[in-house]
Amino acid sequence: MATAFKITSIPDPYAEITKRFGVEGDCLGASESELPWVPYGDKAAIRHMAFDVRGNWYGNVLWIKEPGMIGTHKHHGTVLMLCLEGSCRYLEYDWVAGPGDFITETPGQAHTLVTDHPDGVKLFGWMQGCAEHFDEDGNHLETIDVFWFIKHYTEYCETNGLPINEKLFMK
Ligand SMILES: [Fe+2]
(Lines give C-alpha, C1' and ligand atoms only; values in the text may rest on other atoms or scores of the structure.)
Protein backbone atom coordinates (compact mmCIF):
# COMPACT_ATOMS: atom_id res chain seq x y z
CA MET A 1 0.00 0.00 0.00
CA ALA A 2 1.34 3.42 -0.97
CA THR A 3 2.28 5.89 1.73
CA ALA A 4 -0.20 8.73 2.00
CA PHE A 5 1.16 12.07 0.88
CA LYS A 6 -0.14 15.51 0.06
CA ILE A 7 0.50 17.03 -3.33
CA THR A 8 1.73 20.58 -2.82
CA SER A 9 2.82 21.35 -6.35
CA ILE A 10 2.73 19.62 -9.71
CA PRO A 11 3.62 20.97 -13.14
CA ASP A 12 0.48 22.70 -14.42
CA PRO A 13 0.60 25.10 -17.38
CA TYR A 14 -3.05 25.96 -16.69
CA ALA A 15 -2.72 26.73 -12.98
CA GLU A 16 -3.44 30.44 -13.32
CA ILE A 17 -6.35 30.03 -15.72
CA THR A 18 -7.77 27.26 -13.54
CA LYS A 19 -7.49 29.44 -10.45
CA ARG A 20 -9.15 32.31 -12.29
CA PHE A 21 -12.01 30.49 -14.02
CA GLY A 22 -12.24 27.08 -12.37
CA VAL A 23 -14.47 25.97 -9.53
CA GLU A 24 -13.21 24.06 -6.51
CA GLY A 25 -14.76 20.77 -5.56
CA ASP A 26 -16.13 20.21 -2.08
CA CYS A 27 -17.47 17.65 0.39
CA LEU A 28 -21.00 18.15 1.68
CA GLY A 29 -21.79 16.64 5.06
CA ALA A 30 -24.70 14.25 5.41
CA SER A 31 -26.47 16.33 8.06
CA GLU A 32 -30.00 17.64 8.08
CA SER A 33 -28.73 21.23 7.97
CA GLU A 34 -26.41 20.60 5.02
CA LEU A 35 -28.24 17.91 3.00
CA PRO A 36 -31.73 17.46 4.47
CA TRP A 37 -34.09 14.63 3.64
CA VAL A 38 -37.01 16.42 1.99
CA PRO A 39 -40.30 14.51 2.26
CA TYR A 40 -41.65 13.26 -1.07
CA GLY A 41 -45.16 12.16 -0.20
CA ASP A 42 -45.75 10.19 3.00
CA LYS A 43 -43.44 7.24 2.35
CA ALA A 44 -40.44 8.70 0.52
CA ALA A 45 -37.84 11.44 0.77
CA ILE A 46 -35.25 13.05 -1.50
CA ARG A 47 -31.80 14.20 -0.41
CA HIS A 48 -30.95 16.85 -3.00
CA MET A 49 -27.24 17.12 -3.77
CA ALA A 50 -26.70 19.08 -6.97
CA PHE A 51 -28.56 21.38 -9.34
CA ASP A 52 -27.12 22.43 -12.72
CA VAL A 53 -29.50 24.92 -14.32
CA ARG A 54 -27.40 25.26 -17.48
CA GLY A 55 -27.49 21.58 -18.44
CA ASN A 56 -30.72 20.65 -16.60
CA TRP A 57 -28.79 18.11 -14.54
CA TYR A 58 -29.67 17.21 -10.95
CA GLY A 59 -28.31 14.72 -8.47
CA ASN A 60 -29.97 13.26 -5.39
CA VAL A 61 -30.73 10.19 -3.34
CA LEU A 62 -34.30 8.93 -3.57
CA TRP A 63 -35.39 6.99 -0.48
CA ILE A 64 -38.62 5.01 -0.69
CA LYS A 65 -39.02 3.86 2.91
CA GLU A 66 -41.29 0.84 2.45
CA PRO A 67 -42.79 -1.17 -0.39
CA GLY A 68 -44.23 1.34 -2.83
CA MET A 69 -44.18 2.86 -6.28
CA ILE A 70 -43.14 5.91 -8.29
CA GLY A 71 -45.82 6.40 -10.94
CA THR A 72 -45.35 5.90 -14.66
CA HIS A 73 -43.05 8.48 -16.19
CA LYS A 74 -41.36 9.11 -19.53
CA HIS A 75 -37.81 10.44 -19.74
CA HIS A 76 -36.54 13.08 -22.15
CA GLY A 77 -33.01 12.87 -20.79
CA THR A 78 -30.51 10.44 -19.35
CA VAL A 79 -30.58 8.89 -15.87
CA LEU A 80 -27.68 7.11 -14.15
CA MET A 81 -28.61 5.43 -10.86
CA LEU A 82 -26.84 3.34 -8.27
CA CYS A 83 -28.85 1.22 -5.84
CA LEU A 84 -27.46 1.87 -2.35
CA GLU A 85 -29.84 -0.15 -0.13
CA GLY A 86 -32.91 -2.33 -0.52
CA SER A 87 -34.10 -3.20 -4.00
CA CYS A 88 -36.28 -1.96 -6.84
CA ARG A 89 -37.62 -3.04 -10.20
CA TYR A 90 -39.81 -1.70 -12.98
CA LEU A 91 -43.17 -3.09 -14.00
CA GLU A 92 -41.98 -3.03 -17.60
CA TYR A 93 -38.67 -4.97 -17.16
CA ASP A 94 -37.74 -8.40 -15.84
CA TRP A 95 -34.76 -7.46 -13.63
CA VAL A 96 -34.46 -6.46 -9.98
CA ALA A 97 -31.73 -4.03 -8.82
CA GLY A 98 -30.09 -4.54 -5.43
CA PRO A 99 -27.24 -2.82 -3.56
CA GLY A 100 -24.38 -1.95 -5.90
CA ASP A 101 -26.39 -2.49 -9.07
CA PHE A 102 -26.16 0.28 -11.66
CA ILE A 103 -29.23 1.41 -13.63
CA THR A 104 -29.29 3.46 -16.81
CA GLU A 105 -32.37 5.11 -18.28
CA THR A 106 -32.47 6.81 -21.65
CA PRO A 107 -34.58 9.40 -23.51
CA GLY A 108 -37.87 7.93 -24.71
CA GLN A 109 -38.12 5.26 -22.00
CA ALA A 110 -41.39 5.15 -20.06
CA HIS A 111 -41.70 2.97 -16.98
CA THR A 112 -43.02 2.52 -13.44
CA LEU A 113 -40.61 2.12 -10.50
CA VAL A 114 -41.57 -0.35 -7.77
CA THR A 115 -39.90 -1.52 -4.60
CA ASP A 116 -41.11 -4.75 -3.01
CA HIS A 117 -38.36 -4.78 -0.38
CA PRO A 118 -39.66 -4.49 3.22
CA ASP A 119 -37.21 -1.59 3.80
CA GLY A 120 -37.87 -0.02 0.40
CA VAL A 121 -34.94 1.31 -1.59
CA LYS A 122 -32.28 4.03 -1.61
CA LEU A 123 -31.12 5.14 -5.06
CA PHE A 124 -28.42 7.66 -5.88
CA GLY A 125 -29.39 9.25 -9.17
CA TRP A 126 -27.67 11.64 -11.56
CA MET A 127 -30.36 12.80 -13.96
CA GLN A 128 -30.64 15.08 -16.94
CA GLY A 129 -33.55 16.67 -18.79
CA CYS A 130 -37.22 16.44 -17.97
CA ALA A 131 -39.56 13.57 -17.22
CA GLU A 132 -43.31 13.53 -17.78
CA HIS A 133 -45.42 11.85 -15.10
CA PHE A 134 -48.77 10.17 -15.77
CA ASP A 135 -51.63 8.73 -13.73
CA GLU A 136 -52.88 5.14 -14.02
CA ASP A 137 -55.12 6.10 -16.94
CA GLY A 138 -52.29 7.71 -18.89
CA ASN A 139 -53.33 11.29 -18.15
CA HIS A 140 -50.44 13.72 -17.89
CA LEU A 141 -49.89 14.92 -14.32
CA GLU A 142 -46.77 17.07 -14.43
CA THR A 143 -43.40 17.52 -16.10
CA ILE A 144 -40.43 17.65 -13.76
CA ASP A 145 -36.95 19.05 -14.42
CA VAL A 146 -34.14 20.71 -12.49
CA PHE A 147 -36.44 23.56 -11.46
CA TRP A 148 -38.98 21.13 -9.98
CA PHE A 149 -36.18 19.71 -7.83
CA ILE A 150 -34.94 23.17 -6.83
CA LYS A 151 -38.50 24.19 -5.83
CA HIS A 152 -38.91 20.97 -3.85
CA TYR A 153 -35.68 21.67 -1.96
CA THR A 154 -35.95 25.43 -1.41
CA GLU A 155 -39.62 25.40 -0.32
CA TYR A 156 -38.78 22.76 2.30
CA CYS A 157 -35.83 24.79 3.59
CA GLU A 158 -37.84 28.02 3.74
CA THR A 159 -40.78 26.32 5.46
CA ASN A 160 -38.58 24.67 8.07
CA GLY A 161 -36.15 27.50 8.76
CA LEU A 162 -33.20 25.71 7.17
CA PRO A 163 -30.54 27.60 5.22
CA ILE A 164 -30.56 27.10 1.45
CA ASN A 165 -27.20 25.48 0.78
CA GLU A 166 -25.70 27.43 -2.13
CA LYS A 167 -23.12 24.66 -2.60
CA LEU A 168 -25.83 22.53 -4.21
CA PHE A 169 -26.06 24.97 -7.13
CA MET A 170 -23.38 24.14 -9.69
CA LYS A 171 -21.82 27.22 -11.23
FE1 LIG B 1 -37.20 6.52 -14.68
Side-chain angles (χ1 to χ4, degrees), residues 1-40 44-64 70 73-88 90 93 95-109 111 113 120-133 143-171:
M1 188 171 173
T3 305
F5 67 94
K6 180 180 178 183
I7 296 174
T8 54
S9 72
I10 57 171
D12 184 359
Y14 306 107
E16 283 304 313
I17 208 81
T18 302
K19 188 175 179 182
R20 185 175 171 193
F21 295 106
V23 179
E24 281 201 38
D26 208 341
C27 177
L28 305 179
S31 64
E32 278 298 295
S33 61
E34 202 156 8
L35 294 173
W37 285 110
V38 181
Y40 181 44
I46 299 173
R47 174 168 268 173
H48 299 280
M49 294 173 162
F51 308 114
D52 175 1
V53 298
R54 292 178 186 266
N56 202 4
W57 285 98
Y58 34 102
N60 58 62
V61 175
L62 170 65
W63 179 17
I64 305 174
I70 299 290
H73 56 277
K74 179 177 181 178
H75 290 281
H76 293 275
T78 294
V79 175
L80 307 173
M81 286 200 304
L82 183 68
C83 182
L84 304 176
E85 298 175 10
S87 68
C88 69
Y90 290 86
Y93 315 136
W95 46 260
V96 178
D101 289 341
F102 181 55
I103 301 165
T104 63
E105 302 177 2
T106 52
Q109 272 192 295
H111 48 214
L113 176 66
V121 68
K122 270 185 188 168
L123 295 162
F124 171 74
W126 187 245
M127 293 159 281
Q128 184 268 326
C130 69
E132 298 173 281
H133 283 249
T143 299
I144 67 174
D145 62 7
V146 67
F147 295 105
W148 184 96
F149 285 85
I150 290 173
K151 183 171 186 279
H152 186 244
Y153 169 68
T154 57
E155 283 188 350
Y156 177 78
C157 291
E158 289 166 354
T159 301
N160 291 277
L162 294 172
I164 291 172
N165 189 347
E166 295 295 332
K167 292 180 178 179
L168 271 58
F169 295 82
M170 301 172 73
K171 304 295 185 197

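Numbering of residues begins at 1 and proceeds along the displayed sequence.
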Which distance, rounded to the nearest 0.5 Å, do you find between the SG of Cys88 and the CD1 of Ile70?
10.0 Å
Exercise: identify the closest heavy-atom pair between Pro163 and Cys157
O-SG, 3.8 Å
Just by modelled atom types, is the Pro99 backbone N or O under 3.5 Å from a matching donor or acceptor in the Glu85 side chain?
no
Counting only N and O atoms by type, is there a donor-acceptor contact under 3.5 Å from the side chain of Asn165 to the main-chain atoms of Lys167?
yes
Nearest-0.5 Å distance that lies between atom NZ in Lys74 and atom NE2 in His133
13.5 Å
Give the minimum heavy-atom separation between Trp37 and Glu32, together with the two atoms involved.
N-OE2, 3.2 Å
Taking side chain as C-beta onward, heavy atoms only, is Met49 less than 4.5 Å from Leu28?
no
Passes side-chain contact (heavy atoms from CB on, under 4.5 Å), Gln128 versus Asp52? Steps please.
CA-CA 9 Å; Gln128 184 268 326; Asp52 175 1; over 6 Å; no
Taking every non-hydrogen atom, the tightest pair across Ala97 and Cys83:
O-SG, 3.9 Å
Is any side-chain heavy atom of Ile103 closer than 4.5 Å to a side-chain heavy atom of Leu123?
yes
Would you give the length of the straight line joining atom CD of Glu105 to atom CG of Leu113, rounded to the nearest 0.5 angstrom?
7.5 Å
Here the pair of heavy atoms bringing Pro39 nearest to His152 is O-NE2, 2.9 Å
Is any side-chain heavy atom of Thr143 closer than 4.5 Å to a side-chain heavy atom of Trp148?
no
Hey, what do you get for CD1 (Ile164) to NE2 (His48), rounding to the nearest 0.5 Å?
11.5 Å
Please find the pair of heavy atoms, one from Leu168 and one from Glu34, that lie closest to each other, and give the distance.
CD1-O, 4.3 Å
Would you say the ring centroid of Phe51 lies under 6.0 angstrom from that of Tyr58?
no
Would you say the side chain of Trp63 lies within less than 4.5 Å of the side chain of Arg47, judging by non-hydrogen atoms?
no
CZ/Phe102: more than 12 non-hydrogen atoms of other groups inside 6.0 Å:
yes
Could you give the distance from CZ (Phe124) to CE (Met81), rounded to the nearest 0.5 Å?
11.0 Å
Pro107 and Thr78 have their tightest heavy-atom pair at CD-OG1, 3.9 Å
Do Val53 and Ile150 make a side-chain contact, defined as non-hydrogen atoms from C-beta onward lying under 4.5 Å apart?
yes
Could you check whether the rings of Tyr153 and Phe169 sit parallel, tilted or perpendicular, using 30° and 60° as the cut-offs?
tilted
Just do the side-chain contact (heavy atoms from CB on, under 4.5 Å) check on Leu35 and Val61 with the steps written out, would you?
CA-CA 10 Å; Leu35 294 173; Val61 175; over 6 Å; no
Are side-chain N/O atoms of Gln109 and Tyr93 paired as donor and acceptor at under 3.5 Å?
yes
Gap separating the CG atom of Asp145 from the CE atom of Met127, nearest 0.5 angstrom
12.0 Å
